[in-house]
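Worksheet for the structure shown next.
All of these numbers come straight from a predicted model, not from anything done at the bench. Just so it is clear: chains get the letters A, B, ... in the order the sequence lines come, proteins before strands, and each one is counted from 1.
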2 protein chains.
Amino acid sequence: MLTVSELSKATQVTPDAIRHYVSIGLLTPSRSPDNGYKLFGDGDIRKVKFIRRAKGLGFTLRDIQTIFDNSHDGLSPCPAVRDIIQQRINENRSKLAELNSLQQRMDDALEKWQSMPDGEPDGEAICHLIESLI
Amino acid sequence: MLTVSELSKATQVTPDAIRHYVSIGLLTPSRSPDNGYKLFGDGDIRKVKFIRRAKGLGFTLRDIQTIFDNSHDGLSPCPAVRDIIQQRINENRSKLAELNSLQQRMDDALEKWQSMPDGEPDGEAICHLIESLI
DNA sequence: GTAAACCCTAGGTGTTACACACAGGTCAAT
DNA sequence: ATTGACCTGTGTGTAACACCTAGGGTTTAC
């Protein structure tokens with residue numbers, strides 16, 4: 001049986017993260033009758049590693065909870081896994097498109113501003129650099 | 001003098017967002033002696049529009065607060081504005097790189113999974129799709 | 001005149017995945 | 001017995017709001 005810090009070392013995941021996983025129900029350690037400390041089994045090492053791999057693939061912790069729930073109910077989580085990742089892929093595409101267009105706007109603005117002089121506050125404009133872009 | 005909802009309509013910004021700007025000090029309305037309602041002046045319309053333009057350029061609300069503070073102190077915010085956007089540009093590049101590599105991983109995973117059969121929970125693996133990717 | 005419909009307010013919660021801080025209990029070694 | 005390291009739960013902060021509640025005001029329709 002492992003304590004939080006031991007599980008942390010075994011998985012290279014911070015104790016705070018592990019406590020967080022416990023608090024949202026991803027991990028369900030038993031408690032030491034002596035001191036109330038959380039006690040994890042060997043399966044929890046695999047579980048934490050699974051969480052990390054899934055997170056690295058774009059799954060949210062809530063997604064992972066869903067996968068665990070399915071798995072626990074004896075259902076195959078695989079169809080849900082395919083559905084979820086398809087959603088995350090779509091979301092990520094939107095995010096990428098947004099960030100790319102933001103990048104464009106920022107680059108354009110900075111380039112334009114390089115050649116513009118500073119302006120003092122005049123009670124009219126707040127920052128003429130930013131307000132120069134309509 | 002405008003109420004929250006009037007300012008909202010004048011700027012196409014939700015009342016909640018306007019209240020949020022007030023709560024963090026970006027806007028400082030006076031209060032109606034009658035009913036305690038927030039009262040905004042015409043300058044606040046320009047201010048909200050400025051906030052939106054700056055946000056659209058990647059500035060955070062805290063950045064915008066800094067700009068307002070400089071401007072209020074009689075300093076030119078322009079040098080700070082250039083510095084800040086350079087930082088945001090760098091951050092955005094990192095984020096883009098991350099999201100692009102995530103996209104790659106997700107696409108690869110989904111493609112691989114399309115041809116894999118579902119697996120039932122077997123007490124060993126949680127989800128063999130995810131665990132198939134080392 | 002009154003009731004419905006709609007306006008406003010402050011304050012609290014939820015969103016994501018933790019990091020950090022705090023006050024106090026626990027443990028091994030000295 | 002004390003020190004120092006480690007543990008506990010709980011609460012706060014992060015970004016920028018959206019949503020909800022409970023309460024009060026106002027306007028409009030009948």
Side-chain angles (χ1 to χ4, degrees), chain A residues 1-40 47-48 50-68 84 87-88 91-92 94-95 98-99 102, chain B residues 1-40 47-48 50-66 68 84 87-88 91-92 95 98-99 102:
Chain A
M1 294 298 235
L2 307 156
T3 65
V4 170
S5 62
E6 286 165 350
L7 182 57
S8 164
K9 275 167 201 157
T11 57
Q12 304 282 47
V13 169
T14 68
D16 269 330
I18 289 173
R19 291 204 187 90
H20 181 60
Y21 298 156
V22 173
S23 82
I24 63 175
L26 278 181
L27 298 173
T28 51
S30 59
R31 294 295 182 146
S32 160
D34 295 342
N35 49 25
Y37 288 8
K38 297 174 178 71
L39 291 179
F40 302 90
K47 232 171 159 185
V48 171
F50 179 87
I51 293 170
R52 285 289 152 155
R53 247 202 308 272
K55 252 175 59 73
L57 278 173
F59 292 87
T60 66
L61 296 185
R62 184 163 295 186
D63 292 340
I64 297 167
Q65 183 68 280
T66 302
I67 296 170
F68 283 173
I84 292 171
Q87 269 191 45
R88 301 293 164 246
E91 289 168 10
N92 202 52
S94 310
K95 236 184 247 173
E98 269 179 50
L99 289 194
L102 172 59
Chain B
M1 293 298 236
L2 307 156
T3 65
V4 170
S5 62
E6 287 165 350
L7 181 57
S8 166
K9 275 168 199 153
T11 55
Q12 303 282 51
V13 168
T14 68
D16 269 330
I18 289 173
R19 291 202 187 90
H20 181 60
Y21 298 157
V22 173
S23 81
I24 62 174
L26 277 181
L27 298 173
T28 51
S30 59
R31 295 294 182 146
S32 159
D34 294 343
N35 48 24
Y37 289 7
K38 297 173 178 72
L39 291 179
F40 301 90
K47 232 171 158 183
V48 171
F50 180 88
I51 292 170
R52 286 288 152 156
R53 245 199 312 269
K55 251 175 61 71
L57 279 173
F59 291 86
T60 67
L61 296 185
R62 185 164 294 187
D63 292 339
I64 297 168
Q65 182 69 280
T66 302
F68 283 173
I84 292 171
Q87 269 190 45
R88 301 295 163 246
E91 290 169 7
N92 203 51
K95 237 184 248 174
E98 269 178 51
L99 289 194
L102 173 59

Give the rounded distance in Å between these two atoms: [atom1] of [X] and [atom2] of [N].
X       : N      : atom1 : atom2 : answer
A:Leu26 : C:dT16 : CG    : C1'   : 13 Å
A:Glu91 : C:dT16 : CD    : C1'   : 13 Å
B:Lys55 : D:dA16 : NZ    : P     : 6 Å
A:Tyr21 : C:dA17 : OH    : C1'   : 7 Å
A:Leu39 : C:dT26 : CG    : P     : 15 Å
B:Phe59 : D:dA15 : CZ    : C1'   : 17 Å

Is any side-chain nitrogen or oxygen of [X] closer than 4.0 Å to OP1 or OP2 of [N]?
X       : N      : result
B:Arg62 : D:dT14 : yes
A:Arg19 : D:dG11 : no
A:Asn35 : D:dT8  : no
B:Thr14 : D:dC17 : no

Checklist line | Along DNA chain C (nearest heavy atom to each residue), the more 5'-positioned of A:Tyr37 and A:Ile18 | finding: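 That would be A:Ile18.
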Margin query: Quick check: on DNA chain C, is the nucleotide nearest B:Asp16 upstream (toward 5') of the one nearest B:Glu6, or the reverse? Name the residue that is more 5'.
Written below: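 So the residue in question is B:Glu6.
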Notebook entry, point to check: Is the closest basic N to carboxylate O distance between A:Glu6 and A:Lys9 below 4.0 Å?
Noted result: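 No.
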Margin query: Considering every strand and a 4.0 Å limit on heavy-atom distances, what is the contact class for A:Arg88: base, sugar-phosphate, or nothing?
Written below: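 Nothing, no nucleic acid heavy atom in range.
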Nucleotide nearest [X] when distance is taken to its side chain, options [options]:
X       : options                : value
A:Arg31 : D:dC17, C:dT9, D:dG9   : D:dG9
A:Arg52 : C:dT9, C:dC18, D:dA16  : C:dC18
A:Leu61 : C:dC20, D:dA16, C:dC18 : C:dC18

Just wondering, do [Y] and [X] contact through their side chains at under 4.5 Å, heavy atoms?
X       : Y       : value
A:Phe68 : A:Gln65 : yes
A:Val22 : A:Phe40 : yes
B:Leu61 : B:His20 : yes

Notebook entry, point to check: So, B:Thr60 and B:Asp63: side-chain donor and acceptor under 3.5 Å apart, yes or no?
Noted result: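 The criterion, which ignores hydrogens and geometry beyond distance, is satisfied for B:Asp63 and B:Thr60.
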Next item on the list: Assign each of B:Ile51 and A:Lys9 to its nearest nucleotide of DNA chain D by heavy atoms, then name whichever residue's nucleotide is nearer the 5' end.
Entry: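 Between the two, 5'-proximity favours A:Lys9.
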